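Before any comments, here is the structure.
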Amino acid sequence: MTFEFPPFVNEIFEKFSKSGFEIFLVGGAVRDIIMDKNVVDWDFTTNATPEQILEIFPGGFYDNQFGTVGIAHESSIKPYEITTYRQEWEYSDSRRPDKVKWGKILESDLSRRDFTINAIALDKDGKTVDPYNGQEDINKKLIKAVGDPVERFREDALRMMRAVRIAAQIGFEIDNDTFEAIKQNAESINLIAKERVKDELLKLLGSPFPYEGIMMFQNSGLLSQILPELEETIGVEQKSPKRHHKYDVWTHSLMALKNCPSADPIVRFATLIHDVGKAKTQKITPEGIITFYNHEVISARVARAVADRLRFSKEQREKLWILVRRHQFTVDERQTDSAIRRFIRNVGKENLQDMLDLRVGDRLGGGATETSWRLEKFKERLDEVQKQPFSVKDLKVNGQDVMEVLGITPGPKVGQILNQLFAEVEEDISRNEREYLLGRIKELDKI
Ligand code: ATP
Ligand code: MG
C-alpha cells in the first residue's frame, strides 16, 4: 500500500521495532487508510506488555485493565492508543472476563476483533495482515463478522449495534449471515449497559446515514428492543380530509430525521421521536377527521422516559425534552411580540436554531416545502424581538420618573407601576416612548 504515515506514527513504529517488538496499526485507522479517508483514531497493537510500552513512552497513561496505553500528542485530538495483543475482547455485558489475557500473536488478536473490515493490521512498511479478507469486504462495502456471527454476538451483544452504527457511518451494508445473526440475537442487546447502548445510538444518529441506520435497527429487530415507543407509530395513520399529511407517523418520523439539517445527534433524535405521542393520542371524529390533541405533551413525556432509560446526561435530557415539548409552535403572523418572547423563553435562546431545524425536518418529512413565508417572517421576528428590551431596565422611564410624576416616595407602588408598563411595552414595542410612558404613569395611578 502506498501511504505516507504522519511523522509521529512513524516515530511510534520505529521506537517499537528498535526495542525489538512487533507493532501494527489496526481497526478504524486501517479501514480509513484503505478507504482513502482521514484517520481520526490511531490504534496500534503490539506484543509488548503495558509495562514495556510505558518504558518506550514514559509519558503514556495506562488507566484501564485492558492493556491500552494512551499517548497524547499535539498531532492528534484523540490520544494514540497502543494495546497489547488480546486473546479476549472486553465483553460489554456483565460476563466481562475477570482479566484480559495478553495474547502472544497478532493473528489471535485479529481473530478476537468484531468485523472483517476491522481485523486488518498494517505494518510500518504499509504491508497488510488480513486473514479474514477485510480488504475484499471494504471493496464490497460489507460489514461481516469475523468467524461465526452468532457466536460473536453471543460473546458480546454490543457488536450488533456496532455493526449497524459502523454501516451508517461509512455507508456500508451488513452481510446476510451477519444480519440474520443480529435478528436471532436482537433481544440480547438488553444485557448491555444502557450507557453503551446510548453511545452507539447517538453515534449512529450523528452519522452521515442516520435514516438508513434506523431502518437497519428496525429490520434487524434491534429497534423494538431499544426504542419500542417508536415502533408503536408504525401504521398510525394521519391522512385526513383537508390535512397535509401523506405518511403514517412512523414514515413521517423517519423522513423528518432524514431531512433534519442539524448534525447534532440530540436534535436528530428529537426530530425522530417528536411525534411518538401520536400513537397514544389518535382520535377520529364522526366526520372522519384524525386528531392528535396534545400529542406534543405526551411525546415529551415519552422522550423523558426514553432519556432516563438510556441514561442521557442532564443536558441531553433537557434539550431533548424542550425540543419535543415545543415542536408544535405556531408561526402565525398575528402573534404578539410577547407571544414570541414567551416562545423564546420556553425554548431557550441557545435552542432556537435547533428548534427551527426540527421544524425543517418536520416539514420536509411531511411532504411540505422546506419553508414558507410565514416561517420566514417568524424567523425575522425572532431576531427582531431579541434586539428589543427584555427587562424593566430597558424601559424609557425608571422608578425616579414614577416617583416624580406621582409625587410619591419609594415603596411597592413604584415597582407595581413599572411592571405594568413593562407588560404593556412587551405587548407592543412601539409603546416604549418616554412621553407616552410618562402619560401612562398618571393614568395607571387612577386605576
Ligand atoms: P470509533 O472509534 O468510531 O468508535 P472504531 O471502529 O475505531 O470506531 P473502536 O471502538 O475505537 O472502533 O475500536 C477499535 C477497534 O477495536 C475496532 O476497529 C475493532 O477492531 C475493535 N473492537 C472494538 N470494540 C470491539 C468489540 N466489542 N468486539 C470486538 N472488537 C472490537
Ligand atoms: Mg476507534
Side-chain angles (χ1 to χ4, degrees), residues 24-35 37-46 64-70 76-97 100-101 103 106-122 128-135 137-138 142-172 174 178 181-182 185 188-189 191-193 195-210 213 265:
F24 296 86
L25 197 59
V26 278
V30 179
R31 205 176 66 207
D32 290 342
I33 289 171
I34 294 173
M35 291 172 70
K37 284 192 181 168
N38 242 352
V39 179
V40 276
D41 216 5
W42 295 95
D43 293 324
F44 298 83
T45 187
T46 177
N64 64 39
Q65 59 197 120
F66 305 119
T68 298
V69 175
S76 168
I77 315 165
K78 289 197 192 172
Y80 293 80
E81 294 197 331
I82 306 178
T83 310
T84 307
Y85 293 156
R86 306 167 201 244
Q87 272 178 2
E88 292 178 82
W89 202 262
E90 67 254 45
Y91 300 156
S92 313
D93 60 16
S94 48
R95 298 177 297 118
R96 178 175 290 200
V100 176
K101 294 190 215 105
L106 174 67
E107 276 74 8
S108 84
D109 176 283
L110 295 179
S111 74
R112 305 315 303 150
R113 291 182 182 264
D114 45 9
F115 307 113
T116 62
I117 61 166
N118 285 342
I120 311 168
L122 193 59
T128 52
V129 181
D130 183 12
Y132 303 99
N133 299 319
Q135 290 172 92
D137 289 334
I138 289 179
L142 270 187
I143 312 265
K144 190 169 157 187
V146 167
D148 177 6
V150 173
E151 212 172 284
R152 303 316 303 281
F153 294 144
R154 286 213 180 118
E155 275 170 14
D156 180 0
L158 190 71
R159 290 174 184 154
M160 299 187 289
M161 284 192 83
R162 283 178 56 85
V164 179
R165 182 263 291 180
I166 296 171
Q169 281 178 327
I170 61 180
F172 277 28
I174 298 174
T178 300
I182 299 181
N185 289 281
S188 67
I189 195 64
L191 297 169
I192 300 294
E195 283 84 354
R196 309 196 66 171
V197 169
K198 173 198 72 176
D199 287 347
E200 290 298 330
L201 177 66
L202 293 185
K203 277 186 186 178
L204 178 142
L205 287 168
S207 77
F209 299 101

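Being a predicted model, the structure only gives us computed values, none of them experimental. Note that ligands are numbered from 1 as they come in the structure, with each ligand's atoms numbered from 1 the same way.
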Decide whether the shortest distance between a heavy atom of L158 and an atom of ligand 1 is less than 4.0 Å. no
R31: which residues meet the salt bridge (charged side-chain N to carboxylate O under 4.0 Å, His left out) condition with it, sequence neighbours left out? none
Ligand 1 to R159, heavy atom cutoff 4.0 Å, flagged ligand atoms 26 (C), 27 (N), 28 (N), 29 (C)
Show me which atoms of ligand 1 lie under 4.0 Å from any heavy atom of G28. 7 (O), 18 (O)
Side chains of T83 and T68: any donor to acceptor distance under 3.5 Å? yes
Shortest reach to atom 23 (C) of ligand 1 by a heavy atom, considering only R113, R162, R165, E200: R162
Regarding R159 and D114, does a basic nitrogen lie under 4.0 Å from an acidic carboxylate oxygen? no
Quick one: which ligand 1 atoms are inside 4.0 Å of a heavy atom on D41? 2 (O), 7 (O), 11 (O)
Within-cut-off N or O pair, K78 and ligand 1, under 3.5 Å: no
Between the OH atom in Y85 and the CG atom in L110, the distance rounded to the nearest 0.5 Å is 8.5 Å
Measuring from the heavy atoms of E81, does anything fall under 4.0 Å of ligand 1? no
Would you mind telling me if ligand 1 is within reach of the side chain of D114, the backbone, both or neither, using heavy atoms under 4.0 Å? both
Using a 4.0 Å heavy-atom cut-off, which part of N118 comes near ligand 1: side chain, backbone, both, or neither? both
Verify, without hydrogens or angle tests, whether D109 (side chain) and R86 (backbone) share a donor-acceptor contact under 3.5 angstrom. yes
Between D130 (side chain only) and N133 (backbone N and O only), is there a donor and an acceptor less than 3.5 Å apart? yes
Contact between ligand 1 and K203 is defined here as a heavy atom of the residue under 4.0 Å from a ligand atom; is it met? yes
Residues R154 and E151 bridged, charged N to O under 4.0 Å: no
Heavy atoms, side chains only, cut-off 4.5 Å: are R162 and F115 in contact? yes
Using a strict cut-off of 4.0 Å, indicate which atoms of ligand 1 neighbour a heavy atom of G27. 18 (O)
Report the part of D43 in contact with ligand 1, treating N, CA, C, O as backbone and CB onward as side chain, heavy atoms under 4.0 Å; options are side chain, backbone, both, neither. side chain
